[in-house]
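Below, all heavy atoms of this structure are taken into account, side chains as well, without hydrogens, waters or symmetry copies.
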Amino acid sequence: MSACTPTRHDRASRGTPRPSLRRPSRLRPRIPAADVSASITVFLIAVPMALGLSLAVGAPLEAGLVAAAVGGIVAGLFGGAPLQVSGPSAGLTVVTAELIQIYGWRTTCAITIGAGLLQILLGTLRVARNALAVSPAIVHGTLAGIGVAIALAQLHIMLGGSPQSSVVANALALPGQLAVVGGSAPLIGALTIAVVLLWPRLPGRVGRTARRIPAALASVVIATAVAAVAAPGLARVDLPSWRSHAFPELPHGPVLALATAVFTVMLVAGLESLLAAAAVDRLAADRAGEPVKPPSPASGSAAAVPPQRSDLERELRGQGVANTLSGLLGGLPVAVGVVRGAANVRAGATGRASSVLHGIWVLLAAALLVTAFEWIPLAALAALVMVVGVQMVSFAHIRNVHRHREFPVYAATVAGVIGFGALAGVALGVAVAVVVSLRRLGRTKITVRQQDGRHVVTVHGQLTFLSVPRLTRALGRLPPGADATVELDGSFMDHAAYEAIQAWCGAQIAQGGSVAFTGRSGGSIALAGRSNGGALTGRSGGVAAPTVAATHSCCRPWTPWRNHHCHDRPTRPTHTTSTTSAISTTSLTETVTFTPGSAPDSARPESAHRLRSGLTSFQRNTAPLVRDELARLASEGQSPSQLFITCADSRLVTSMITASGPGDLFTVRNVGNLVPPPHALPTDSPPTGTPPTDAPATPTAPATGDDSVAAAIEYAVEVLRVESITVCGHSGCGAMQALLRGEPEAGPDRPRTPLWRWLRHGLPSLERMASRRHSWARISGRLPADEVEQLCLTNVVQQLEHLRAHEAVARRLAEGTLQLHGMYFHVGEAQAYLLTEGADSGAGHDEVFDRVGTEGPEPAAARPTTCSTAHPTTCTTG
């Protein structure tokens with residue numbers, strides 16, 4: 001939560017002016033200094049990489065610079081990932097090199113244009129999200145195979161030779177190349193590799209200063225300087241005049257082959273870009289989550305940049321525009337590079353300005369630094385690209401793929417890319433992934449055991465036609481007419497498995513046996529008939545009437561708590577002696593029902609049954625998952641970061657709406673989320689301005705405020721040292737409705753109830769709403785629905801004032817080590833709202849609850865809303 005409510009004297013003491021409502025001039029855009037510095041860092045990485053990749057594919061060297069400039073500027077402006085940096089990609093090296101060998105450079109530019117147009121079309125059709133359905137093992141395997149191909153080809157150049165036409169040929173020719181190694185090219189290449197690997201590990205203060213220079217740039221500069229002195233005759237970069245720059249031509253060749261080439265470039269570039277978008281998003285989220293020192297009020301800089309989620313559809317369209325323009329200008333295909341994006345994030349970039357500026361710097365360098373580029377040895381660029389290729393084979397990815405049991409898919413993809421090319425490798429990886437998925441779908445574990453005189457058949461996994469032979473063999477081992485229990489621990493049953501179980505069940509019952517079906521949590525279920533919704537259960541072999549559980553097939557849970565009550569609902573007794581519930585052929589749904597004739601279950605109170613069923617479900621399903629975490633918390637003790645004060649309403653699940661877990665929240669729940677101020681009036685005393693009654697006072701409450709809430713506040717603030725306190729109200733609060741209705745008259749015969757002695761702490765909220773000195777709290781973007789919602793909002797603001805009156809809270813606020821938050825949760829809409837900063841400063845327009853969207857709280861409306869205190873539902877805007 002980011003919104004806090006500082007005290008009035010804090011705001012006055014700081015003297016911080018209110019933010020100006022004047023819109024900034026569009027003619028003078030402000031570029032953050034962090035983006036400028038980050039763009040320079042990325043530029044220093046991008047230039048040697050662009051030249052090296054051009055050399056690797058056999059394209060004109062200036063083509064890499066064109067792609068870097070277009071990728072940075074165009075994709076930076078039109079893409080959907082603000083922190084990504086586009087340019088020539090190592091993942092496209094093998095594909096582009098093969099296209100140049102087959103069709104020539106100018107036709108390759110035309111293919112790049114076609115791939116860009118196809119990306120624009122697919123982005124418009126909104127299919128980018130579907131690309132994420134491709135297994136990460138296939139994507140990482142494709143990049144690893146391309147990395148191997150790059151490394152082998154560049155190794156030949158670094159050794160002073162020339163690469164062969166394929167990866168296999170490069171591998172076979174490598175021993176002969178090593179036998180004739182000579183000259184200074186291998187030494188310059190080795191020096192470049194050593195600098196790239198050792199530069200990030202330089203120790204000491206000098207090392208920290210030197211590491212600000214990118215390793216790629218440092219290696220090329222050092223290798224160029226050494227080559228200029230020790231090997232002046234070494235082959236160097238030769239940038240031709242821009243006047244002779246080659247532009248695309250109409251493609252010549254078989255239409256099917258050209259279409260395949262366009263599709264291959266689009267596929268590899270698109271997958272790499274979307275994968276990089278997800279990786280850069282994770283890096284940005286990790287950076288935003290790091291603890292940082294708060295900025296000074298005068299600095300005006302953000303302490304941490306909030307993570308920005310990529311718009312994949314827009315990103316694909318932006319990449320398409322960049323590829324189209326790069327091909328038109330004679331540049332390499334464009335894609336997002338994880339190396340450039342990661343460097344951009346780590347350098348502190350805050351938005352797309354960094355990528356655009358990096359493209360501008362590349363454009364200026366291409367025009368003004370041609371002479372400097374021509375000093376770079378080709379061996380240094382080859383060594384740099386070779387390191388990049390080796391790094392594309394990530395051992396972290398291999399471990400991750402192995403942990404998810406997808407290494408066969410990864411290995412098949414790598415082998416396919418190396419042996420047959422990128423597109424064939426992807427196709428082979430997809431085929432292996434399908435085979436692995438089918439094998440997993442058919443790997444159903446079936447065990448048979450005896451327990452308490454019954455035969456128990458346990459089925460772990462999905463029941464499909466692939467598992468029917470083993471299922472029928474296991475069921476056939478049971479004696480005819482024996483009592484049996486079938487535990488179905490899965491979420492899917494196809495028609496073949498359904499028919500097999502139904503046939504066995506009917507035969508078993510016909511021979512005098514009984515069959516019971518249970519689910520994962522132990523709840524009893526029955527096998528439903530397909531035609532009439534009945535069930536084959538019991539000893540009579542009859543078909544039960546349509547069951548109540550069949551109407552609750554929606555109870556299939558998608559969280560541990562959704563529709564958890566479905567297995568607790570009793571059904572009406574039927575004329576059969578069977579368990580009346582159902583399984584569809586597509587899901588296994590659990591229900592617990594009352595069986596007529598079983599006195600212990602039918603006599604058991606429903607509340608006790610629900611408690612025991614819930615505890616059993618927890619011990620079976622949840623406890624094994626959280627046992628280690630709870631054991632750690634038990635040994636280390638609690639250290640929550642927040643005190644959460646909210647209503648006792650059963651519809652408020654605090655851990656759900658705050659996405660928190662055990663040990664995160666120190667929660668205080670009471671009727672009305674009230675915070676009695678310290679040294680409050682006796683809870684039995686009349687409110688201010690109310691004459692005392694003649695009836696004797698009822699001795700029920702002490703003369704101070706409620707000590708239980710105060711004790712929790714003191715413990716959380718002083719002992720647990722929480723960092724924030726949240727007061728959370730909610731819609732439809734019964735306590736606020738009771739306050740609006742008013743307190744029933746008390747007297748000798750009708751003493752004040754405990755509920756009303758407690759609710760008197762909410763009277764200041766009612767008075768605040770009726771007061772003309774306070775503007776009403778309200779929701780940004782819409783008006784409060786009625787008086788109850790208005791009072792719920794006002795009550796949160798008022799309880800924050802009570803909270804600040806506590807000594808421990810006031811002291812921590814003065815130290816700047818504690819924050820207060822106001823929150824409102826609309827139950828029916830499942831929507832949270834946060835109180836904006838300055839809600840209690842005395843200015844009515846600050847008492848606004850902003851809607852929290854998927855990217856954070858939305859800004860408050862520009863025009864304030866004023867409400868009439870005389871008519872709660874009358875509000876105006878403007």
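For the atom pair Leu357 CG and Ile40 CD1, the distance stands at 8.5 Å (nearest 0.5 Å). With rounding to the nearest 0.5 angstrom, the CG atom of Leu643 is 8.0 Å from the OG1 atom of Thr726. Going from atom SG of Cys792 over to atom CE of Met769 covers 9.5 Å, rounded to the nearest 0.5 Å. A distance of 6.5 Å separates CD1 in Ile657 from OG1 in Thr646, rounded to the nearest 0.5 Å. Taken from CZ in Arg651 to CZ in Phe825, the straight-line distance is 10.5 Å, to the nearest 0.5 Å. Between the CG atom of Leu83 and the CZ atom of Arg352 there is a distance of 9.0 Å, given to the nearest 0.5 Å.
Enclosure of atom CD in Glu807 is not indicated, since only 12 or fewer non-hydrogen atoms of other residues, nucleotides or ligands lie within 6.0 angstrom. The neighbour count for Glu714 CD, taken as heavy atoms of other residues, nucleotides or ligands under 6.0 Å away, does not exceed 12.
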Decide side chain to side chain contact (heavy atoms under 4.5 Å, CB included) for Gln638 and Leu720; before the verdict, give the C-alpha distance in whole Å, the side-chain angles of both, and the deciding distance to 0.1 Å. CA-CA 8 Å; Gln638 63 170 330; Leu720 298 179; 3.9 Å; yes
In sequence, state the C-alpha distance, the side-chain angles, and the governing distance for Ile725 and Val717, and then conclude on side chain to side chain contact (heavy atoms under 4.5 Å, CB included). CA-CA 9 Å; Ile725 304 177; Val717 173; 3.8 Å; yes
Would you please test Leu674 and Val709 for side chain to side chain contact (heavy atoms under 4.5 Å, CB included) and show each step? CA-CA 9 Å; Leu674 302 178; Val709 177; over 6 Å; no
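The two residues Val796 and Asn673 come nearest to each other via the heavy atoms CG2-ND2, 4.4 Å. Scanning both residues, Pro764 and His761, for their nearest heavy atoms gives CD-O, 3.4 Å. Heavy-atom minimum distance, Leu665 versus Ser660: CD1-OG, 3.4 Å. The two atoms that bring Cys733 and Gly672 nearest to each other are SG-CA, 4.1 Å, heavy atoms only. In plain terms, the two heavy atoms of Ala832 and Met823 that are nearest each other are CB-CE, 4.1 Å. In terms of heavy atoms, His821 sits closest to Leu800 at O-CD2, 3.6 Å.
Judged purely by atom type and a 3.5 angstrom limit, His806 uses its side chain to pair as donor or acceptor with the backbone of Pro676. For the pair Arg669 (side chain) and Phe644 (backbone), a donor-acceptor distance under 3.5 Å is absent. Between the side chain of Glu315 and the backbone N or O of Ala81 there is at least one donor-acceptor pair closer than 3.5 Å. Within the 3.5 Å criterion, the main-chain N or O of Arg612 finds a donor-acceptor partner in the side chain of Thr616. In terms of modelled atom types and a separation under 3.5 Å, the side chain of Gln799 and the main chain of Val675 share a donor-acceptor contact. Arg812 contributes a side-chain N or O that, together with a main-chain N or O of Val722, makes up a donor-acceptor pair within less than 3.5 Å. Using a distance-only test at 3.5 Å, with no hydrogens or angles considered, no donor-acceptor pair links the side chain of Ser765 to the main chain of Gln798. Not a single donor-acceptor pair under 3.5 Å links the side chain of Asn795 to the backbone N or O of Gly762.
Aromatic ring pairs are classed by plane angle as parallel below 30°, tilted from 30° to 60° and perpendicular above 60°; the pair Tyr833 and Tyr824 is tilted.
Residues that satisfy the salt bridge (charged side-chain N to carboxylate O under 4.0 Å, His left out) test with Glu723, not counting sequence neighbours, are absent from this structure.
Of the residues Thr658, Val653, Thr654, the one that meets the side-chain contact (heavy atoms from CB on, under 4.5 Å) test with Met656 is Val653.
Arg804 has no carboxylate O lying under 4.0 Å from a charged side-chain N of Glu801, or vice versa, which leaves the two without a salt bridge.
At least one side-chain heavy atom of Leu793 sits under 4.5 Å from a side-chain heavy atom of Pro784. Side-chain contact between Leu739 and Trp756 is present, with at least one heavy-atom pair separated by less than 4.5 Å.
Residue pairs that meet the salt bridge (charged side-chain N to carboxylate O under 4.0 Å, His left out) test with at least one member in residues 789-798, sequence neighbours left out, are Arg782-Glu789.
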